[in-house]
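Only one structure is covered here, and it is reproduced in the block below.
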Amino acid sequence: MPFRLPPATKPLMRASLCSRPANGHIAFIPQIRKLVFEYCDKWPSSANTRTYIRDHLEKLARANPHAEVVVKQRNQKEPVVRGFYINGRDKVISLKGFEVTGIEKKVQLLLDSSGAKIKPLKRRTVESTTEAARGIWSGLHVDQPFKI
């Protein structure tokens, strides 16, 4: 008698065995998904931002095809650039008072960032794999072992 699958069981498809891509030693997934430039067309504080958008934005978009680049006009507001990340967070950097090279550096900072919260380096919380701060007590590590 030949082997047959029960009618309720479906064969496992190869596509369902795929794993999600993740950062590791083989692949790198950039964390930024969207860059939004917001500027005013009339204010002098947006002049360098307008110059950056006119001269450098196309090159930036071609160099980073993984990130959507959006330009928005905000009347009577200071220029900002917003970075939206895969983890659902966003970062906003004001571009007021920056030269074109400074704007390039701030945009590169957003591109290189992971979107995670900034953690303080000085007062980190203690993380331990054991329950007590001194570790688990053992009778093998005392000066005089117990006599039975």
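In this text the structure is predicted, and so the values were computed from the model without any measurement. Scope of the values below: all heavy atoms of this structure, side chains included, with no hydrogens, waters or symmetry mates.
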In terms of hydrophobic clustering (I, L, V, M, F, W, Y; side-chain heavy atoms under 4.5 Å; direct or indirect links), are [X] and [Y] co-clustered?
| X | Y | result |
| --- | --- | --- |
| Val81 | Tyr39 | yes |
| Val80 | Tyr85 | no |
| Leu111 | Leu109 | yes |

If you compare all heavy atoms of [X] against all heavy atoms of [Y], which two are closest, and at what distance to 0.1 Å?
| X | Y | answer |
| --- | --- | --- |
| Gly83 | Ile32 | CA-CD1, 4.1 Å |
| Ser45 | Pro79 | O-CG, 3.6 Å |
| Val92 | Asp90 | CG2-OD2, 4.2 Å |

For residues 47-60, pull every pair meeting salt bridge (Lys or Arg N to Asp or Glu O under 4.0 Å), keeping only residues two or more places apart or in separate chains. Glu58-Arg62

[atom1]/[X] to [atom2]/[Y] distance, rounded to the nearest 0.5 angstrom?
| X | Y | atom1 | atom2 | value |
| --- | --- | --- | --- | --- |
| Ser113 | Lys91 | OG | NZ | 3.0 Å |
| Gln108 | Leu60 | CD | CG | 8.0 Å |
| Ser46 | Glu78 | OG | CD | 6.5 Å |
| Asp41 | Thr49 | CG | OG1 | 12.0 Å |
| Leu110 | Asn64 | CG | CG | 11.5 Å |

So, do Val36 and Lys72 sit near enough that their side-chain heavy atoms are less than 4.5 Å apart?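 A side-chain contact under 4.5 Å exists here.
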
Indicate yes or no: at least one non-hydrogen side-chain atom of Arg82 is less than 4.5 angstrom from one of Leu35. no

Salt-bridge present (Arg33, Glu68; N to O < 4.0 Å):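 Salt bridge absent between Arg33 and Glu68.
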
Verdict with reasoning, Glu38 to Lys77, per salt bridge (Lys or Arg N to Asp or Glu O under 4.0 Å): CA-CA 8 Å; Glu38 299 177 358; Lys77 302 278 186 182; over 6 Å; no

Does Arg74 offer a backbone N or O that forms a donor-acceptor pair with the side chain of Gln76 under 3.5 Å?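 No.
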
Ring pair (Phe, Tyr, Trp, His ring centres under 6.0 Å) partners for Phe37, two or more places apart: Tyr52

Determine all donor-acceptor pairs shorter than 3.5 Å in which one atom belongs to a side chain in residues 93-107; sequence neighbours excluded.
| from | atom 1 | to | atom 2 | distance (Å) |
| --- | --- | --- | --- | --- |
| Ser94 | OG | Lys96 | N | 3.4 |
| Glu104 | OE2 | His56 | ND1 | 3.4 |

